[in-house]
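See below for the structure under consideration.
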Amino acid sequence: MIFIGSGVSATAKNGEGQSPETWSVFLNNIKSLMKHPSAQDKEFVEKMLAENNYLLALQTIYDLCDPGEYSNYLKEMYLRKGYTPSNVHKLIKDLDSKIVITTNFDKLYENVCSDLQGCMTFDYTQTKSIVGCIKSPESIIIKAHGSIDDTEKIVFTAQQYYRAQEKYTEFYRLLSSLFLTHTIVFLGYSLQDPDINLMLQFLHNTANTSCPHYLVSKSGNSSLLIKHWKNTYNVSLIEYGDSYDYFEKSLEELRDLVIQLREERGMP
């Protein structure tokens with residue numbers, strides 16, 4: 001089962017060569033929307049950004065933003081910019097995983113899968129539909145943090161995540177079940193990514209050391225952080241090199257191996 005993060009979205013571009021904003025760029029831009037922040041607010045946000053504590057920085061910024069302006073910024077950045085799915089999106093599609101979960105709220109992966117017959121998309125509020133689709137022959141994309149189509153349902157801050165966890169307990173129980181019964185491959189995340197750290201804090205009790213999950217990441221990670229992920233979340237690291245160019249090449253190799261294995265086993 002594949003889990004897609006913001007690093008995959010960052011490979012997309014529009015006609016002007018722009019890509020979706022990364023966490024740090026997004027926060028540095030959106031902080032200008034804060035209404036009448038005190039000197040203490042500004043100092044705190046800058047301190048959190050310097051420490052890469054993006055969740056606390058975002059929560060502070062969000063609390064001081066006008067909801068309408070905040071929603072409009074999200075739609076402007078992630079819906080109206082006209083980004084085109086990259087070859088990375090296409091390679092993930094070619095892996096043909098029945099279940100793909102993403103914390104991204106853009107629609108890039110859905111768009112690249114639009115030609116697949118029977119590929120369904122649901123968000124975290126639609127647990128019964130997700131269960132029904134998992135039992136059917138159709139493929140499914142699960143939007144774990146919502147979609148840009150409805151900014152009111154987007155899970156972005158820590159507070160929004162905990163509220164969603166309380167309100168949609170069936171969905172998080174379903175996620176726990178999927179983590180117990182599937183091997184997860186995380187693509188487009190780093191070991192410090194706020195999205196996946198929030199998710200794994202809830203799912204850590206599903207760990208089984210004999211059946212690890214895997215996170216594909218750039219090289220150069222701290223050995224202590226790698227050990228923490230393995231011991232705490234049962235996630236082993238697969239490093240592909242020091243740039244995203246190697247990421248795409250590695251996905252191509254994986255795609256070819258998957259195709260070869262299916263041919264050997266007579267699978268469609």
Side-chain angles (χ1 to χ4, degrees), residues 1-12 19-28 46-59 86-89 91-92 95 97 100-106 108-109 144-145 155-158 161 175 178-180 182-255 257-258:
M1 192 169 77
I2 296 174
F3 223 109
I4 299 177
S6 60
V8 172
S9 291
T11 63
S19 295
E21 292 178 345
T22 60
W23 264 95
S24 59
V25 174
F26 169 79
L27 291 172
N28 274 290
E46 294 301 330
K47 184 174 186 293
M48 292 301 99
L49 291 176
E51 295 175 359
N52 293 330
N53 194 332
Y54 296 143
L55 286 174
L56 278 178
L58 176 59
Q59 190 66 62
S86 69
N87 190 47
V88 168
H89 289 93
L91 288 168
I92 295 172
L95 294 176
S97 174
V100 173
I101 305 176
T102 180
T103 51
N104 300 337
F105 43 77
D106 59 59
L108 290 164
Y109 188 68
H145 285 178
V155 177
F156 207 8
T157 69
Y161 178 82
L175 273 188
L178 292 175
F179 269 66
L180 281 169
H182 294 72
T183 297
I184 313 296
V185 179
F186 296 96
L187 301 175
Y189 294 99
S190 72
L191 296 182
Q192 296 175 315
D193 194 303
D195 290 330
I196 198 60
N197 273 279
L198 271 177
M199 192 75 69
L200 289 175
Q201 284 174 21
F202 172 76
L203 298 168
H204 73 279
N205 62 341
T206 63
N208 182 338
T209 54
S210 63
C211 303
H213 305 299
Y214 298 93
L215 185 143
V216 180
S217 173
K218 285 197 295 186
S219 60
N221 294 281
S222 161
S223 59
L224 292 176
L225 196 54
I226 293 172
K227 183 179 180 181
H228 166 73
W229 271 63
K230 177 62 177 174
N231 293 341
T232 306
Y233 304 129
N234 194 34
V235 174
S236 297
L237 192 69
I238 300 175
E239 295 182 321
Y240 54 76
D242 57 4
S243 79
Y244 279 115
D245 294 335
Y246 294 107
F247 179 45
E248 183 173 337
K249 182 178 179 182
S250 297
L251 280 179
E252 289 176 349
E253 293 174 356
L254 178 60
R255 184 268 320 271
L257 287 171
V258 169

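What you are looking at is a predicted structure, and each value in this text was computed from that prediction instead of being measured. Worth knowing before you read on, the calculation uses all heavy atoms, side chains too, and leaves out hydrogens, waters and symmetry mates.
- Applying the salt bridge (Lys or Arg N to Asp or Glu O under 4.0 Å) criterion to Glu46, with sequence neighbours excluded, gives Lys31.
- Among residues two or more places apart in sequence or in another chain, the ring pair (Phe, Tyr, Trp, His ring centres under 6.0 Å) test is passed with Tyr109 by none.
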Please step through side-chain contact (heavy atoms from CB on, under 4.5 Å) for the pair Leu254 and Val216, ending with a clear verdict.
-> CA-CA 12 Å; Leu254 178 60; Val216 180; over 6 Å; no
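- Taking Tyr161 as the reference, Tyr172 meet the ring pair (Phe, Tyr, Trp, His ring centres under 6.0 Å) condition, with sequence neighbours excluded.
- Scanning both residues, Ser190 and Leu215, for their nearest heavy atoms gives O-CD1, 4.4 Å.
- Across all non-hydrogen atoms, the minimal contact from Asp193 to Gly188 is OD2-O, 4.2 Å.
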Going through the checks in order, is the side-chain contact (heavy atoms from CB on, under 4.5 Å) test met by Leu55 and Trp23?
-> CA-CA 10 Å; Leu55 286 174; Trp23 264 95; 4.3 Å; yes
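- Here the shortest heavy-atom pairing between Pro212 and Ser236 reads CB-OG, 3.8 Å.
- The line from CG of Leu108 to NE2 of His89 is 4.5 Å long, rounded to the nearest 0.5 Å.
- Note that CD1 of Ile184 and OH of Tyr214 are 12.0 Å apart. Values are rounded to the nearest 0.5 Å.
- Between the Ser219 side chain and the Glu239 main chain, no donor and acceptor come within less than 3.5 Å of each other.
- Across every non-hydrogen atom of Asn87 and Glu248, the tightest pair is ND2-OE2, 2.8 Å.
- Contact between Thr103 and Gly5 at its shortest, heavy atoms only, is OG1-CA, 4.2 Å.
- Side-chain atoms of Leu251 and Leu187, non-hydrogen and from C-beta on, do get closer than 4.5 Å to each other.
- When all heavy atoms of Ser19 and Ala12 are compared, the pair lying nearest together is OG-O, 2.7 Å.
- Once rounded to the nearest 0.5 Å, the distance linking OG of Ser6 with CZ of Phe26 reads 11.5 Å.
- Just one of Phe179, Trp229, Phe3 meets the ring-ring contact (aromatic ring centres under 6.0 Å, His included) condition when paired with His213; it is Phe179.
- Evaluation of the ring pair (Phe, Tyr, Trp, His ring centres under 6.0 Å) rule for His228 yields Tyr233 as partners, not counting sequence neighbours.
- Note that the CG atom of Leu91 and the OG1 atom of Thr11 stand 9.5 Å from one another [nearest 0.5 Å].
- The shortest distance between side-chain heavy atoms of Ile101 and Leu178 falls below 4.5 Å.
- With sequence neighbours excluded, the residues forming a ring pair (Phe, Tyr, Trp, His ring centres under 6.0 Å) with Tyr240 are Phe247, listed by chain and number.
- Once rounded to the nearest 0.5 Å, the distance linking CD of Glu252 with CG of Leu257 reads 12.0 Å.
- With values rounded to the nearest 0.5 angstrom, Leu58 atom CG is found 11.0 Å from Asn53 atom CG.
- Classification of the Phe156-Phe105 ring pair by plane angle, with boundaries at 30° and 60°, yields perpendicular.
- Looking at residues two or more places apart in sequence or on another chain, you find a salt bridge (Lys or Arg N to Asp or Glu O under 4.0 Å) between Lys47 and Glu51.
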